[in-house]
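Working notes for the structure below.
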Amino acid sequence: MMDIEKKTPFKAKGTLFETFIPDNLSHRDDQMMMLTNILTNLLHTGQSSNIFCYGKTGTGKTVTTRYTADRIRFEGMKQNKNTTVVYTPAVEGTELDLYAHIGNETAGKNIIPSRGLSTQETYNRTKDILDSRNTRAIVIMEEIDKFYEKNGDDFLYQLSRINPQLKYSSLCLIGIANNLKFTEHFDPRVISSLNKEDIIFPPYNALQLQDILKQRAKIAFKTHAIEDGVINLCAALSAREHGDARRAIELLRAAGEIAEREGEEVVKIEHMKKAQNKIELDNVEEVIKTLPVQSKLILASIVFSSERGKNTLITGEVYDIYKDMAKKTGIDIITQRRATDLISELDMLGIINAHLISYGRGGRTREITTAVPVQNTKEILLQDETFHVLRDYKPMRGRNARLL
DNA sequence: CCTCCACAGGAAGCGCAGGAGT
DNA sequence: ACTCCTGCGCTTCCTGTGGAGG
């Protein structure tokens, strides 16, 4: 028999995943109190104001709201007042998708189709479902600012006016946003009917992160399974980059996994350093792999000509190389207009940096550089069969190539 | 001060996919 | 089988523009 007692620093690894909601949240007492105060009205009067939470990623907006909403739901159960929590992860979709999601989550099954019905009809059905369930629905909506940017403020108007139309139920919207100022351009009629309260989540500093990590480490790892300084390093690395607690915990977990794989029972500084590199690469790989072909090809044209000192490209150059590569790989060529959009998307994903610059008479364009390790990116792209012919691609000088 | 480059990026619309209703 | 709905990727056509060179 093999040794079943395999060496590991972990005691309860599951507590280091994003889905885990801890029993107590440190450094978010104020926000939790405000949330509780507002949401308690749901149980008292059956309705409450809508709430907008602002803060950067990993500042505890999601955990805090979900935690609090859950407690309210539990409290409601005790008082025999039916409460539903609808969690809406960052929706890629539209107003229609949002209504369908709320309706289906409330119902607990897929009743409303995501296509085929008009937006208004979808809204009506969701409204009917809500009313038929006799419930107080807390709708937590992730990245509401992004949704607003894409779809406008109509959904807010609709949702804010839903309560008077409900006889037996009510809806309370909790919007979670990164951008503090996205409400600035709301239509006045939205502002007047929305009735919202704002809660701000400031980023954690290194000390607070340390605190959070220590608490979490206590339940996740065996005693003495973490070398001195590892937590502090983890907190420092995370605070410096983003102050993001979610990623800090992810980093700690990765360090533990690396230690585990190396057959160690103690997480050491070197594991933490390796973990940081790994996480960075993993994230990039995941994003690149799931890119649509055309985006991949655009990325390829940037990456495959970013070596040998020539590391800034302009849109025209990228497009020329792209066309060349498209011919070689047999992929349909898209227009430059479309290509600029894809370049913007890659920029937003953080895979490349593209910023506007003017060369005066030389025109106005974007300077593009890679934001990820070139060699690794090439390898990831080459995993795709379609790109095999590019393996030994020699960057050509585009028609628009500038002289340095 | 004006020009003019090499684009940025908005607007409209097209064809298709996926699904509902009839 | 047929009509109607929306989203998506894309094209076509277009107007707008920072700033070096004239």
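Using a 4.0 Å heavy-atom distance criterion, A:Ile112 is classed as making no nucleic acid contact. Residue A:Leu356 is in sugar-phosphate contact alone, with no base atom involved, counting any heavy-atom pair closer than 4.0 Å across all strands shown. At a threshold of 4.0 angstrom between heavy atoms, the contacts of A:Glu121 with the nucleic acid are absent.
Ionic pairing of A:Lys328 and A:Asp324 is present here: one or more N-O contacts between side-chain nitrogen and carboxylate oxygen are shorter than 4.0 angstrom. A salt bridge links A:Lys296 to A:Asp384: one of the charged nitrogens lies within less than 4.0 Å of a carboxylate oxygen.
Under a cut-off of 6.0 angstrom, the local environment of OH in A:Tyr168 is sparse, with at most 12 non-hydrogen atoms contributed by other residues, nucleotides or ligands.
For A:Phe155 and A:Phe147, the ring centers sit closer than 6.0 Å to each other.
Judged by distance alone, with hydrogens and angles left aside, A:Arg337 brings a side-chain donor or acceptor within reach of the base of B:dG10, the pair sitting under 3.5 Å.
Results of the side chain to side chain contact (heavy atoms under 4.5 Å, CB included) test with A:Ile302 over A:Ile321, A:Leu297, A:Val318, A:Ile351 single out A:Val318 as the only residue that passes.
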Output one letter per nucleotide in nucleotides 15-22 of chain C: B when a protein non-hydrogen atom lies under 4.0 Å from the base, S when only the sugar-phosphate is that close, - when neither is. -BBBBBS-
Checking side chain to side chain contact (heavy atoms under 4.5 Å, CB included) for the pair A:Glu257/A:Lys13: CA distance, chi angles, key distance, verdict? CA-CA 9 Å; A:Glu257 281 169 348; A:Lys13 196 163 134 188; 3.1 Å; yes
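Not one side-chain nitrogen or oxygen of A:Thr315 sits closer than 4.0 Å to the OP1 or OP2 atom of B:dA6. Regarding contacts with the backbone of B:dG9, every side-chain N or O of A:Thr340 stays at 4.0 angstrom or more from both OP1 and OP2. Phosphate proximity of B:dG21 to A:Arg125: present, with a side-chain N or O under 4.0 Å from OP1 or OP2.
For A:Thr335, taking side-chain heavy atoms from C-beta onward, the closest of the listed nucleotides B:dA8, C:dT11, B:dG21 is C:dT11.
Nucleotide C:dT12 holds its C1' atom 14 Å from the CZ atom of A:Arg338, rounded to whole Å. When the C1' atom of B:dG19 is taken as reference, atom CD1 of A:Ile111 falls 17 Å away, rounded to whole Å. Rounded to an integer number of Å, the gap from CE of A:Met348 to P of B:dG9 is 11 Å. Following rounding to the nearest Å, A:Leu117 (CG) and B:dG19 (C1') show an atom-to-atom distance of 9 Å. The distance from atom CG of A:Asp341 to atom P of C:dC13 is 17 Å, rounded to the nearest whole Å. Between the CG atom of A:Asp332 and the C1' atom of C:dC8 there is a distance of 16 Å, given to the nearest Å.
Contact record, A:Thr83 with A:Arg73: O-CG, 3.3 Å, taken as the closest heavy-atom pair.
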